[in-house]
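For reference, the structure discussed in these notes is given below.
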Amino acid sequence: KQEVTQIPAALSVPEGENLVLNCSFTDSAIYNLQWFRQDPGKGLTSLLLIQSSQREQTSGRLNASLDKSSGRSTLYIAASQPGDSATYLCAVRQDRDDKIIFGKGTRLHILP
Amino acid sequence: NAGVMQNPRHLVRRRGQEARLRCSPMKGHSHVYWYRQLPEEGLKFMVYLQKENIIDESGMPKERFSAEFPKEGPSILRIQQVVRGDSAAYFCASSAQQGWNTEAFFGQGTRLTVV
């Protein structure tokens, strides 16, 4: 059974710092991995999609990496801003049944 | 192309009533997923549907819960005889097809409160 784990569960850093969020998964038979952002009381916004054959994807200040064989992904946020404060969720899409399985998220707070 | 539309955004039901949650996928998307989120928790998979077919309902309670995605119209998640424990945010996602390069897009969710 696929398990997706995100570490840390919560993180507070001063504005301007670079930071890394971690995601690990137990079954590497995946189509892709997606990182989402969720603001309190809101829906999910897709940030980056990494296909299983890719190693990384970049969008602005965000860079996501994928090491499928070891079951790990990281989301790197450069020059953090207070507006980055949110919960960040990673999700894997399994290739055997097409289900999308989520981690519990990392609650990020950027201190002004 | 509007995003994934869920309605209502907020729904209040008394114990024992029925709740019907609607999800209109993005145009051209034929795959719909439903998830449930409790406060401070991640998203728990409930059911995966394609047009007119339930592909995987392993995360959905066998009693009181049902889902459909008809040929025409939105996907519906139906909860009969609601109880307080059903209070949660319910999200749906849609994607175009199965496979490695397909991105899932989420709606804003329906927040169900059972009083």
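Below, chains carry the letters A, B, ... as their sequence lines are ordered, and counting in each starts from 1.
- Ring geometry for Phe106(B) versus Phe36(A): interplanar angle over 60°, hence perpendicular rather than tilted (30 to 60°).
- Within the 4.5 angstrom heavy-atom criterion, only side-chain atoms of Tyr33(B), from C-beta onward, approach chain A.
- Ion pairing between a basic and an acidic side chain is recognised when a charged N comes within 4.0 Å of a carboxylate O; Arg13(B) and Glu18(B) show no such pairing.
- When atom types are taken as modelled, the side chain of Ser73(A) and the backbone of Ser65(A) share a donor-acceptor pair closer than 3.5 angstrom.
- With a 4.5 Å cut-off on non-hydrogen atoms, Gln38(A) touches chain B through its side chain but not through its backbone.
- The number of heavy-atom neighbours closer than 6.0 Å to CZ of Arg55(A), taken from other residues, nucleotides and ligands shown, is 12 or below.
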task: Evaluate the ring-ring contact (aromatic ring centres under 6.0 Å, His included) criterion for residues Tyr35(B) and Phe102(A): first the C-alpha distance (whole Å), next the side-chain angles of each, then the deciding distance (0.1 Å), finally the verdict.
output: CA-CA 10 Å; Tyr35(B) 291 83; Phe102(A) 279 82; 5.3 Å; yes

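- No part of Gln6(B) comes within reach of chain A, as not one of its non-hydrogen atoms sits under 4.5 angstrom from that chain.
- For chain B, the nearby part of Leu89(A) is the side chain; its heavy atoms alone come within less than 4.5 Å.
- Contact annotation for Ala104(B): both backbone and side-chain heavy atoms come within less than 4.5 Å of a heavy atom of chain A.
- For the options Arg107(A), Gln54(A), Lys42(A), heavy-atom pairs under 4.5 Å to chain B are most numerous at Lys42(A).
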